[in-house]
Amino acid sequence: MTGIETIAADVWIAAAVASPLAAACAMLVLRRWAAALGVLGSLVILGAVAGLAHQLLLLGPQQLVVGGWDPPLGIRLRADGPAVGMAGITGLIGLFVGIYATAYLRPLAASPPHGERLFWPLWMFLWAGLNALYLADDLFNLYVTLEVVGLASVGLAALARTAAAVAAALRYLLVSLLGSLAYLMGVALVYAATGTLELRGVAAAPVGYAALALMSAGLLMKTALFPLHGWLPPAHANAPAPVSALLSALVVKASFYVMLRLWFELFAPLIGPATAHLPGVLAAAAILWGSLQALAARRLKQLIAYSTVAQVGYLFLVFPLGLAGGSLRPAWGAVLFFILAHALAKAAVFLAAGNVLKAFGHDRIADLGGAVQQLPVSMFAFAVAGVSLVGLPPSGGFIAKWLLLAAALEAGRWGYAGVLVGGGLLATAYIFRFFSHAFRFVPESVLCCGLPRRMEGCALLLALGSMALGLAADPILALLQIGLPETGAAGAGGAP
Amino acid sequence: MSALLYAVVGAVLFALGLYGVVAASPLLRKVLAFNIAGSGVFLFLVAMADRVRVPFPDPVPQAMVLTGIVVAVSATALALLLICLLRELSDRPREAADDGH
C-alpha cells in the first residue's frame, strides 16, 4: 500500500522512547529554549505513537530487539494494544499539559535559579520512562523503567520548592524506593525459580508465591491503593498544577499497568479466587475512603488528589472480575478504558484547579464563590470532566464504569456492582460540593490576576476529550484488545 | 553451597533494610537502610549467578546488579538532595520560600 507502512515498526518504537530522551538532553543544554523544544518534542513523540498505532492496526503486535542483542542480556520492546493505548493517552495529555505549562510556569521561571526551569527536562525523562515502561517486555526492564518514572516524578513533585512540597516529595521518594526494592527482590526470586525474565507463567511453588507477594506489595505502594495511599494526597496536591495533572493522570497508572501485566501474564497460574479478591476488597475500601476524604477536603487540589485515591480503587476491581471465575477479555478491556477515561478527566480537572489557584491566589473551597461567573471556561471544563469522573453518559467514564458493571453483573458479583454504583454517588457528592461554592454569586470581581487563554483552552480540550472518548469507544476498545494474553486464570502458562 | 549462604545473607539484609526504612525515624537513617536493603537484593542476585557453572557463571544477574547499583546511587543522591533542601527550607521562616538566597 502507500507511504507510512513502509517505515518499519521498530523505527516507531525506537522513536517513542528515544525522542523524549533526546529532547530532555537537549533541554539541559539549551535551557532558554526548553519550552519550545518541549512542545516540538511532544509533537514528535505523538507522531511516533500514531505511526505505531497505525502499524498495530495493520499488522498486529510489533517488537524491537534493541541493538540486535537478544534477551535476556539485551532488551526487547513490544508494542501491543494496551501498550500503544497507554502511550497514546500519555502523548495526548502530555501535549496539552505541556502547552499549559508554558503559561502556568512562566512568571516563576525567571526568579529561582533552578526551580521551575527543571520542569521540562524532568517531564521529558518521565515521558521516556513511561513509554519505555509501556513497551517493556521483561521483568528487569520493567524495574528500570519503574525507577526512571519514580525518580523523575519525585523531582517534579519537589519543583514548587516549598517545605510542604519537598517533605511530600521525600515521602513519595521513600515509598517509591521501598516499592521498587520489593519489586526487584521479586524479580530475583522469579529468576531463581524459572531462570528467565520473560512475562510467562511461573509454576505454583513457594518461591512463586513469595515473588507474587513482594512484587504486588511494591506495586500497590507505588499505585497508592488503600491503605498504602497516604503519600499521594500531599505529593499531588502540593505540586504545581501541570505536575499534579501528570502525576495523577499518568504516573499512578504506570505502576498499575505493571501490576496488570504481572497478574494476568506472569502470575496467572498462581492466582486463585481468594487471591484475586484481596485487591478487590482493598479496591472497595479505597473507593469509599478516598471519596469520603474528598468530601471532607478543604482545598480544591486536595479534593482532586483524594478523588484519585478513590478512582485508583476502580482499577483494582479488574482482578476479582477478571480472575475469579469471570471472563478475562471484558474485564481487561474495561479497566484499560477506565485508565484512559480517568487520565483525561483527571488531567482536565487538575488544570482547571490550577486556573482557579492562579486566578484566586488560593484554592480554599469555601472561599471560591464567584468562580463560575468569573472563570466560566475553566469551570465548564471542570464540570464536563466531573461528569466523566462521576460516570454519567455520554462520557468516557460512563463507558468505563458501564463495562466494569457489566463484567461484575455477568460474574454475579453483586457486592462489586454495589461499590461501583455507590462510588459514583459519592463522586457526585464531592463534585457538587465544590460547585455549590463555585456557583455562589459574588457582586464584584475577586480575581487577583487574569489568565492566559491557552491555560483555559488546554483544560477545556482535555475535558472535551474525556467526553469524545465515550463517543468513540468502539474503535478504541478494539485497539486496546489487540494482542491480549489469552491465558486466563485456568491457563497453565506456556507461549501463545 | 556457599551460594546458598550468600543468598540467605542477602535475604536477611534485605529484610533488615526494609524494617529500617519503615521503622527508623531520622531521614538519613532511612536512606542508609534503603541502601542496606538494596545491597541485600544485589547479594541475592549475585548468588543466583551460581546456578549455572558451566562454562561460566550466569551473566544475567550480574548485569542486573550493575544496573541496580546505578539506580541505587542516583536514588540515594536524590534523597540526600531533598533532605538538604528540606532542612534549608524548614530552618527559615515561611515567606523566605521565594526570596532566593
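The structure displayed is predicted, hence computed values, not measured ones. Per chain, numbering begins at 1; letters A, B, ... match sequence-line order.
Residue A:Leu173 touches chain B through its side chain alone, counting heavy-atom pairs closer than 4.5 Å. Both the backbone and the side chain of B:Phe34 come within contact range of chain A, judged by heavy atoms closer than 4.5 Å. Heavy atoms closer than 4.5 Å to chain B are found nowhere in A:Leu139, neither backbone nor side chain. Of the two parts of A:Ala158, only the side chain, counted from C-beta on, holds a non-hydrogen atom closer than 4.5 Å to a non-hydrogen atom of chain B. Contact of B:Met48 with chain A is made through the side chain alone, with heavy-atom distances under 4.5 Å. Contact annotation for A:Val187: only side-chain heavy atoms (C-beta onward) come within less than 4.5 Å of a heavy atom of chain B. The part of A:Val154 that comes within reach of chain B is its side chain, from C-beta onward, which places non-hydrogen atoms under 4.5 angstrom from that chain. Residue contact with chain A, scored on non-hydrogen atoms closer than 4.5 Å, is absent for B:Val70. Proximity to chain B (any heavy atom under 4.5 Å) is restricted, for A:Leu197, to the side chain, taken from C-beta onward.
Rounding to the nearest 0.5 Å places OG1 of A:Thr196 at 8.0 Å from OH of A:Tyr191. Distance check, rounded to the nearest 0.5 Å: CZ of A:Arg299 to CG of A:Asp363 gives 4.5 Å.
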Going through the checks in order, is the side chain to side chain contact (heavy atoms under 4.5 Å, CB included) test met by A:Phe267 and A:Met215? CA-CA 11 Å; A:Phe267 292 124; A:Met215 295 168 103; 3.6 Å; yes
Report the C-alpha distance between A:Thr162 and B:Leu89 in whole Å, list the side-chain angles of each, state the deciding distance to 0.1 Å, and finish with yes or no for side chain to side chain contact (heavy atoms under 4.5 Å, CB included). CA-CA 7 Å; A:Thr162 59; B:Leu89 287 169; 5.8 Å; no
Given side chain to side chain contact (heavy atoms under 4.5 Å, CB included), test A:Lys222 with A:Val149 step by step and report yes or no. CA-CA 11 Å; A:Lys222 280 172 169 283; A:Val149 168; over 6 Å; no
Stepwise side chain to side chain contact (heavy atoms under 4.5 Å, CB included) check, A:Leu357 with A:Tyr104: CA-CA 11 Å; A:Leu357 190 61; A:Tyr104 187 92; 3.8 Å; yes
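Using a 4.0 Å cut-off between a side-chain N of Lys or Arg and a carboxylate O of Asp or Glu, A:Arg76 and A:Glu198 qualify as a salt bridge.
When the candidates B:Val60, B:Ile83, B:Leu45 are compared by the number of heavy-atom contacts under 4.5 Å with chain A, B:Val60 comes out ahead. Of the listed residues (B:Asp58, B:Leu81, B:Leu18, B:Val31), the one with the most heavy-atom contacts under 4.5 Å to chain A is B:Asp58. Of all the listed residues (B:Ala33, B:Gly17, B:Ala75, B:Ser74), the one sharing the greatest number of non-hydrogen pairs under 4.5 Å with chain A is B:Ala75. Contact count against chain A (heavy-atom pairs under 4.5 Å) is highest for B:Leu78 among B:Val21, B:Leu78, B:Val22.
Each of A:Leu135, A:Leu64, A:Asn141 was checked for a side-chain contact (heavy atoms from CB on, under 4.5 Å) with A:Ile75, and the lone residue meeting it is A:Asn141.
Residues A:Ala128 and A:Leu21 share a closest heavy-atom pair of CB-CG, 3.7 Å.
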